Chemist: 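Got a structure here, written out as structure tokens. Questions coming.
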Amino acid sequence: MKSLLAVPEEGVRVIRLPAWGGHEEAAHVIDEASVFALNAALATGRPLLVRGDPGMGKSQLARAAAVDLERALLTHAVDARTEPRDLLWTIDAVARLAEAQVMGALPRATRGRVQSAIDVRRFTHPGVLWWAFHWESAKKQADLARVRPPKTPDGWQPPDGTVVLIDEIDKADASVPNALLDALGHGRFETPDCDDPVYMERGRQPLVLITTNEERSLPDAFLRRCFVLHLGLPDKGDELRDELYARGRAHFPDCDEGILRGAAELIAARREELRRERLVAPGVAEYIDLVRAVTKQSSKLSPPELMEKIKPFVLYKHAPEPRK
């Protein structure tokens, strides 16, 4: 199992990301700070909490780490309904109730047959931490519950390890991050109606990345037990433009320099305006969207003219662009 990422020799390097799930092929520009943070998390087994502006590639960092480490990527998107156990396992209560109703309607259904049919273990689905801790155990449970295992890279085997992404953990209440750290800290957790807990397989410590959009404060006890990586863009104009251009060049290696520079100029100017107004400013995601919108369509307009037509939809999300 590959255990460390290579440190960039020139401050940053580009990790090419193959198509995965609903995501297209992409590129991730990883800097030295991110590599050192990931390697520290790998070395200690601590989860890495990734903070920063929207669109900075917090979630994509997990995908890049999985590609670079040649590990399987397991993801769980947190929402307001997420419960602490959902990262470990979930029970399909609707399917279990339906099975009970069907069995109850059968004229010759014995009590034993009904109890066997609605055994909770038949409706327990492994969560991302179950797969990360012990793939073989999770696979056995998934087969019993008749659910598919997570998608893995071609040729991947469980000893190759996993990267776990817990996305937007701030959407859940404090019990979710606390339960996550409890399972990671003990290296095991209990499952419904099973005699033995699920233990983390020796030598298969997952790399756990957690993202937050700062919608809710996270418990101090949780923060103390994580490494924390802050992703952001430079404040100074020239540094900001150069950073955006470098990212654009990684995503669109064949793109005309004028388009990349022009889009960076628009983003930098709009960020300065919104910073004075204390509003959320456009970042890398908007920059990539603007360049893609210009380069991925045919138009009678020149690229600069087309960019002028498109920019209001990308840069002015709080209020319409002022009329000139």
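Keep in mind it's a predicted model, so treat the numbers as computed, not measured.
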Chemist: Would you give me the side-chain donor-acceptor pairs under 3.5 Å for residues 216-230, sequence neighbours excluded?
Modeler:
| from | atom 1 | to | atom 2 | distance (Å) |
| --- | --- | --- | --- | --- |
| Arg216 | NH1 | Ala172 | O | 2.9 |
| Arg225 | NH2 | Leu181 | O | 3.1 |

Chemist: Hey, is Arg276 close enough to Glu273 for a salt bridge, meaning N to O under 4.0 Å?
Modeler: no
Chemist: With ring-ring contact (aromatic ring centres under 6.0 Å, His included) as the rule and sequence neighbours excluded, what pairs involving residues 246-274 come up?
Modeler: none
Chemist: Are Lys236 and Asp238 ion-paired here, with the side-chain N under 4.0 Å from a carboxylate O?
Modeler: no
Chemist: Take a 6.0 Å sphere around CZ of Arg146 and say whether it holds more than 12 heavy atoms from other residues, nucleotides or ligands.
Modeler: no
Chemist: Is any side-chain heavy atom of Leu231 less than 4.5 Å from a side-chain heavy atom of Val50?
Modeler: yes
Chemist: Less than 4.0 angstrom from a charged side-chain N to a carboxylate O is my criterion; do Arg247 and Glu243 meet it?
Modeler: yes
Chemist: Using 4.0 Å as the upper bound for N to carboxylate O, is an ion pair formed by Glu25 and Arg16?
Modeler: no
Chemist: Side chain to side chain donor-acceptor pair (under 3.5 Å): which pairs involve residues 82-98, sequence neighbours left out?
Modeler: Asp79-Thr82
Chemist: Indicate yes or no for a side-chain donor-acceptor contact from Thr162 to the backbone of Val164 under 3.5 Å, with no hydrogens or angles considered.
Modeler: no
Chemist: Which ILVMFWY residues are connected to Val12, directly or by a chain of links, through side-chain heavy atoms under 4.5 Å apart?
Modeler: Val14, Val29
Chemist: Any Lys/Arg nitrogen of Asp167 or Lys58 sitting under 4.0 Å from an Asp/Glu carboxylate oxygen of the other?
Modeler: no
Chemist: Determine which pairs satisfy side chain to side chain donor-acceptor pair (under 3.5 Å) with at least one residue from residues 257-268, sequence neighbours left out, and list them in order.
Modeler: Arg241-Glu265, Asp242-Arg261, Glu257-Arg261
Chemist: Do you know the tightest heavy-atom contact between Pro8 and Asp31?
Modeler: CG-C, 4.1 Å
Chemist: Pairs in or reaching into residues 132-176: which pass ring-ring contact (aromatic ring centres under 6.0 Å, His included), with residues at least two apart or in two chains?
Modeler: Trp131-Trp135, Phe133-Phe189, Trp135-Trp156
